[in-house]
S.K.: 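Take this structure first; my questions come after.
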Amino acid sequence: MELIHSGKVRDVYADGDDLVLVATDRVSVYDVVLPTEVPDKGKILTQLSLWWFERLADVVPNHVISATDVPAEFAGRALRVQRLTMLPVEWIARGYLTGLGLKQYQKDGAVSGVKLPEGLVESDRLPEPIFTPTTKATEGHDEFITYDEMVAEIGADTAAELRETTLEVYRRGAALALDRGIIIADTKLEFGRAADGTLVLGDEVLTPDSSRFWPADTYQPGRTQDSLDKQFVRDWSSTLDWDRTPPGPEIPAEVVDATRARYVEVYERLTGDRWNG
């Protein structure tokens with residue numbers, strides 16, 4: 001195998017016609033990789049994604065070839081996947097008003113050109129899920145784009161198909177999670193084209209790194225919610241005198257432990273299985 005890309009939290013290897021996607025235990029906040037890892041994080045993301053891919057197979061094909069035909073040293077945290085030509089868009093569905101979506105709404109009453117009702121407050125549930133794409137920046141931060149801008153980038157047919165697919169993935173996932181006591185506030189997906197032109201779901205899906213998870217029993221609009229995802233680390237880092245540029249700060253042991261516990265809780269509550277990583 002040949003290492004062809006080392007991202008913030010994933011390493012990608014070429015192996016013949018396939019790729020081997022390895023989820024590490026690295027943590028990034030504000031596009032900065034922190035020097036401290038969270039044990040089992042990569043395995044939890046991989047196993048949870050596999051669980052979701054199986055349940056969403058009737059919505060959209062995914063890139064997984066095998067979860068077992070991978071090098072032994074990467075067992076549990078790696079997937080053998082198809083090579084895809086990835087689309088230059090982050091596909092984001094939002095069911096609640098939070099994060100950068102909240103900031104844009106407070107500024108102009110809309111998110112990615114989607115007009116929202118007046119008077120919404122932080123963490124409000126939206127009347128219906130909305131699609132709010134962003135650019136996929138290779139450097140710097142992703143930026144909101146409107147649907148029309150996305151159409152100009154990738155074409156009307158592809159844009160329409162994947163907008164509806166993104167919203168259906170979110171609706172399906174949010175409903176299942178809510179039955180298990182977890183609110184999925186928003187999620188980010190990535191899609192690419194297979195060699196035959198088929199649109200395929202890639203990367204990860206509905207994980208604590210790509211989504212905001214809130215415990216339903218403590219949900220209360222008008223405030224920041226308790227988090228069961230990477231937001232916990234972001235919130236800790238925001239208390240520091242750090243300018244969000246490398247090198248990032250070391251994560252204290254108690255924050256590492258609390259973060260891992262949140263990832264495990266999400267996995268166990270969603271799947272119904274005990275984590276044995």
S.K.: Under a single-linkage definition using a 4.5 Å side-chain heavy-atom cutoff for Ile, Leu, Val, Met, Phe, Trp and Tyr, are Val59 and Leu206 assigned to the same hydrophobic cluster?
M.R.: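 Val59 clusters together with Leu206.
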S.K.: Cut-off 3.5 Å, side chains only: do Thr132 and Arg94 have a donor facing an acceptor?
M.R.: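 The criterion, which ignores hydrogens and geometry beyond distance, is satisfied for Arg94 and Thr132.
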S.K.: Going by distance alone, is a donor N or O of one side chain under 3.5 Å from an acceptor N or O of the other, for Asp243 and Thr245?
M.R.: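 Result is yes, a qualifying pair exists.
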S.K.: Any salt bridge linking Asp11 with Arg26? Criterion: basic side-chain nitrogen under 4.0 Å from a carboxylate oxygen.
M.R.: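 A salt bridge is present here (some side-chain N lies under 4.0 Å from a carboxylate O).
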S.K.: Are Phe232 and Ile183 connected in a single hydrophobic cluster, I mean Ile/Leu/Val/Met/Phe/Trp/Tyr linked by side-chain heavy atoms less than 4.5 Å apart?
M.R.: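 Different hydrophobic clusters.
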S.K.: Do NZ/NE/NH1/NH2 and the carboxylate oxygens of Lys188 and Glu204 come within less than 4.0 Å?
M.R.: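 A salt bridge is absent here (no side-chain N lies under 4.0 Å from a carboxylate O).
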S.K.: With the threshold set at 4.0 Å, does a side-chain nitrogen-carboxylate oxygen contact exist between Asp69 and Arg80?
M.R.: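 Yes.
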S.K.: Taking the six-membered ring for Trp, are the ring centroids of His63 and Phe53 within less than 6.0 Å of each other?
M.R.: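 Ring centroids of His63 and Phe53 are less than 6.0 Å from each other.
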S.K.: Under 4.0 Å between a side-chain nitrogen and a carboxylate oxygen: does that hold for Asp40 and Arg77?
M.R.: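 No, this pair does not count.
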S.K.: Within a strict 4.5 Å, meaning less than it, do heavy atoms of the Trp214 and Asp226 side chains meet?
M.R.: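 When only atoms from C-beta onward are counted, Asp226 and Trp214 do not touch, as no gap falls below 4.5 Å.
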S.K.: For Glu143 and Thr135, which I'm curious about, is there any donor-acceptor pair between the side chains at under 3.5 Å?
M.R.: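 There is no such pair (donor and acceptor under 3.5 Å, judged by atom type) between the side chains of Glu143 and Thr135.
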S.K.: Is the closest basic N to carboxylate O distance between Glu265 and Arg262 below 4.0 Å?
M.R.: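 Salt bridge: no.
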S.K.: Distance-only, no hydrogens or angles: does the Glu190 side chain make a donor-acceptor pair with backbone N or O of Gly202 under 3.5 Å?
M.R.: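 Absent.
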S.K.: Hey, is Asp108 close enough to Lys103 for a salt bridge, meaning N to O under 4.0 Å?
M.R.: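 So Asp108 does not pair with Lys103 through a salt bridge.
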S.K.: Does Asp157 CG have over 12 foreign heavy atoms under 6.0 Å away?
M.R.: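 No.
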S.K.: Centroid separation under 6.0 Å, is that true for the rings of Phe131 and Trp91?
M.R.: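 Here the rings of Phe131 and Trp91 have centres that are less than 6.0 Å from each other.
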S.K.: For a side chain to side chain contact (heavy atoms under 4.5 Å, CB included) with Ile130, tell me which candidate from Ile92, Val114, Leu97 qualifies.
M.R.: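 Testing Ile130 for a side chain to side chain contact (heavy atoms under 4.5 Å, CB included) against Ile92, Val114, Leu97 leaves exactly one candidate, Val114.
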S.K.: Hydrogens and angles aside, do Thr98 and Gln225 bring a side-chain donor and acceptor to less than 3.5 Å of each other?
M.R.: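 No, Gln225 and Thr98 have no side-chain donor paired with an acceptor closer than 3.5 Å.
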S.K.: Among Thr259, Thr24, Val256, Asp209, which residue meets the side chain to side chain contact (heavy atoms under 4.5 Å, CB included) test with Lys41?
M.R.: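 Result: among Thr259, Thr24, Val256, Asp209, Asp209 is the only option passing the side chain to side chain contact (heavy atoms under 4.5 Å, CB included) with Lys41.
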S.K.: May I ask you to check whether Tyr219 and Tyr96 place their ring centres under 6.0 Å from each other?
M.R.: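 Ring-ring flag for Tyr96/Tyr219: true, centres closer than 6.0 Å.
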S.K.: Is NZ or CZ of Arg163 both nearer than 6.0 Å to the six-membered ring centre of Tyr147 and within 45° of the ring axis?
M.R.: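 Flagged: Arg163 positioned over aromatic ring of Tyr147.
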S.K.: Check the side chains of Thr207 and Ser210 for a donor-acceptor pair under 3.5 angstrom, ignoring hydrogens and angles.
M.R.: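 Yes, Thr207 and Ser210 have a side-chain donor paired with an acceptor closer than 3.5 Å.
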S.K.: With distance as the sole test, does Arg10 use its side chain to make a donor-acceptor pair with the main-chain N or O of Ser6 at under 3.5 Å?
M.R.: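 Here the side-chain-to-backbone pair does not exist.
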